[in-house]
Amino acid sequence: MASKVTFIGAGNMAGAIIGGMIESGVSPDDIMATSPSDDILAPLRERLSIHTATDNAAAVAESDVVVLAVKPQIMREVCEKMRDAVQARRPLIVSVAAGLPAETLEHWLGGDLPLVRCMPNTPALVGAGAAGLYANANVDDAQRRLATELMEAVGLVEWVDDEALLDAVTAVSGSAPAYFFLMFEAMEETGVKLGLPADTARRLAMQTALGAAKMALSSDKLPGELKRNVMSPGGTTERAVEHLEEAGLRRIMAEAMTACADRASEMADELGKR
Ligand SMILES: NC(=O)C1=CN([C@@H]2O[C@H](COP(=O)(O)OP(=O)(O)OC[C@H]3O[C@@H](n4cnc5c(N)ncnc54)[C@H](OP(=O)(O)O)[C@@H]3O)[C@@H](O)[C@H]2O)C=CC1
Ligand SMILES: O=C(O)[C@@H]1CCC=N1
């Protein structure tokens, strides 16, 4: 990727994407990150050799792609302060913020801009991210390819035609690493109660999740069949899976994921007013 990409905000999500980009071979010379605090930027300069700046408008002036990666709560102020620089340069805008609608972001930045909304996740850091992308009507084919190239450097990319579906993507993948991390905590705790050392239980649980995901991704069988293949009749897995089903795991997942998607749309109502 020869385009100059600037990340406005250098926190968890931007750090994960930048780390994954460099790991995949993108030149650090093409990457810039901004933050009000040089304490956050100094390690990025030293560890990753990327460019950094504390002035968002100055950074935008040299960019082909501007990734908005600050918290949704401060996005309006951040966008309005760099509006003139954005309008002068007219880069492709990529927002990773949960909830905030494309039309609102475009308006805060002065209007009539090519803007891609992206819902990534933090496994981007290890090249195993999953992202949903939506393009507004100003994005041309070359810019769509550019956004795809940016996010494919750090994982899977799925485009959606309906912006509202990004709330579903948030529930299925954006927030979902946390569901699995919670599961690892629970499995480790129980492994310890059953007598294993904590680090042994943790490693076994994590390796099993990795193996199950790899196997499901490479298999032509659906997850239900792979699950049944582990469940010997009258055996141990059957007992565990019956317990999970009776305890309502599917209902709990449905409620949690619906709450997640609802929160994204609530955030659009709370924070996304023009
Ligand atoms: N974390 C995740 O898993 C995911 C997050 N997202 C989205 O990514 C965005 C960022 O989230 P996340 O990385 O978790 O948040 P973080 O708080 O980790 O990162 C945001 C960064 O922006 C910095 N910042 C604050 N003000 C400015 C400013 N004026 N200019 C530049 N930078 C500024 C903050 O600095 P300081 O702390 O000093 O204020 C902080 O380092 C959010 O919109 C979120 O919805 C999307 C998908 C997944
Ligand atoms: O929790 C959040 O709001 C952000 C968006 C998706 C993951 N983290």
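FYI, side chains are in, hydrogens and waters are out, and symmetry mates aren't considered; it's all heavy atoms of this structure. The model shown is predicted, which means the values in this text are computed figures rather than measured ones.
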For M215 and L226 the tightest heavy-atom approach is CE-CD2, 4.0 Å
Would you check if the side chain of E106 reaches a backbone N or O of D112 as a donor-acceptor pair within less than 3.5 Å? yes
Side-chain heavy atoms under 4.5 angstrom apart, residues restricted to Ile, Leu, Val, Met, Phe, Trp, Tyr: same cluster for V116 and L156? no
Report the C-alpha distance between L68 and L109 in whole Å, list the side-chain angles of each, state the deciding distance to 0.1 Å, and finish with yes or no for side chain to side chain contact (heavy atoms under 4.5 Å, CB included). CA-CA 11 Å; L68 304 175; L109 289 167; 4.2 Å; yes
Apart from M231 itself, its cluster of hydrophobic side chains linked below 4.5 Å comprises V241
Quick one: CE on M119 to OH on Y134, what's the gap to the nearest 0.5 Å? 15.0 Å
Determine whether a donor-acceptor pair (N or O, by modelled atom type, separation under 3.5 Å) exists between the side chain of T190 and the backbone of M187. no
For I17 and V154 the tightest heavy-atom approach is O-CG1, 3.5 Å
Per the salt bridge (charged side-chain N to carboxylate O under 4.0 Å, His left out) rule, what does the pair list look like for residues 222-237, sequence neighbours excluded? none
Which atom pairs, donor and acceptor, lie under 3.5 Å between side-chain atoms of residues 166-186 and protein residues at least two apart or in another chain?
residue : atom : partner : partner atom : Å
T170    : OG1  : L166    : O            : 2.7
S173    : OG   : V169    : O            : 3.2
Y179    : OH   : A171    : O            : 2.6

Between CG on residue L105 and SG on residue C79, distance to nearest 0.5 Å: 5.5 Å
Under the side chain to side chain contact (heavy atoms under 4.5 Å, CB included) criterion, do I31 and V26 qualify, and how do the steps go? CA-CA 8 Å; I31 304 174; V26 175; 4.0 Å; yes
Under 3.5 Å donor-acceptor pairs involving side-chain atoms of residues 42-50, not counting sequence neighbours:
residue : atom : partner : partner atom : Å
R45     : NH1  : D38     : OD1          : 2.9
R45     : NH1  : T52     : OG1          : 2.8
R45     : NH2  : D38     : OD2          : 3.1

If you compare all heavy atoms of E238 against all heavy atoms of S232, which two are closest, and at what distance to 0.1 Å? CB-O, 4.0 Å
Backbone N or O of A59 within a donor-acceptor pair of the S63 side chain at under 3.5 Å? yes
Considering only NZ, NE, NH1 and NH2 on the basic side and carboxylate oxygens on the acidic side, decide whether E149 and R145 come within less than 4.0 Å. no
D29: side-chain contact (heavy atoms from CB on, under 4.5 Å) partners, not counting sequence neighbours: K4, S27, H51
Applying side-chain contact (heavy atoms from CB on, under 4.5 Å) to E152 and not counting sequence neighbours gives T148, V157
Would you verify whether the NZ or CZ of R83 falls within 45 degrees of the ring axis of W108 while also being under 6.0 Å from that six-membered ring's centre? no
Let me have the donor-acceptor pairs involving side chains of residues 198-209, under 3.5 Å, with sequence neighbours excluded, atom names and distances please.
residue : atom : partner : partner atom : Å
R202    : NE   : E188    : OE1          : 2.8
R202    : NH2  : E188    : OE2          : 3.3
T208    : OG1  : L204    : O            : 2.6

For residues 114-131, pull every pair meeting salt bridge (charged side-chain N to carboxylate O under 4.0 Å, His left out), keeping only residues two or more places apart or in separate chains. R117-E163
Decide whether V60 and V70 are clustered together by the hydrophobic rule: side chain heavy atoms of Ile, Leu, Val, Met, Phe, Trp, Tyr closer than 4.5 Å, transitively. yes
Residues clustering with L210 (ILVMFWY side chains joined when closer than 4.5 Å, directly or via others): none
ILVMFWY network linking L133 to M13, side-chain heavy atoms under 4.5 angstrom: yes
Check the pair R89, D64 against side chain to side chain contact (heavy atoms under 4.5 Å, CB included), reporting the backbone distance first and the verdict last. CA-CA 8 Å; R89 177 75 180 183; D64 302 311; 3.1 Å; yes
Would you please say whether a donor-acceptor pair under 3.5 Å links the side chains of Q143 and N138? no
With rounding to the nearest 0.5 angstrom, report the CG to OG1 distance, N56 to T34. 3.5 Å
Which residue pairs pass the salt bridge (charged side-chain N to carboxylate O under 4.0 Å, His left out) test with at least one member in residues 249-266, sequence neighbours excluded? E245-R250, R251-E255, R263-E266, R263-E270
Between Q87 and G111 (side chain of the first, backbone of the second, donor and acceptor by atom type, cut-off under 3.5 Å), is there such a pair? yes
In Å, rounded to the nearest 0.5 Å, how long is the span from OG1 of T54 to CD1 of I40? 12.0 Å
For D161, does the CG atom sit with more than 12 other heavy atoms under 6.0 Å from it, leaving out its own atoms? no
Heavy-atom closest contact (M82 atom, V66 atom, distance): CE-CG1, 4.4 Å
Is it possible for you to say whether I8 and L113 belong to one hydrophobic cluster, with membership spreading through side-chain heavy-atom contacts below 4.5 Å? yes
What are the two closest non-hydrogen atoms of P72 and L271, and how far apart are they? CB-CD1, 3.7 Å
Looking only at non-hydrogen atoms, find the nearest pair between L41 and A10 and report the distance. CD2-CB, 4.1 Å
Would V139 and M151 show up in the same hydrophobic cluster when neighbours are defined by side-chain heavy atoms closer than 4.5 Å? yes
Pairs satisfying salt bridge (charged side-chain N to carboxylate O under 4.0 Å, His left out), at least one member in residues 123-143, at least two apart: none
Give the C-alpha distance, both sets of side-chain angles, the deciding distance and a yes or no for salt bridge (Lys or Arg N to Asp or Glu O under 4.0 Å) between R76 and E80. CA-CA 6 Å; R76 180 177 196 150; E80 288 178 348; 3.0 Å; yes
Which atom pairs, donor and acceptor, lie under 3.5 Å between side-chain atoms of residues 91-104 and protein residues at least two apart or in another chain?
residue : atom : partner : partner atom : Å
S95     : OG   : A97     : N            : 3.2
E103    : OE1  : R274    : NH1          : 3.4
T104    : OG1  : G272    : O            : 2.8

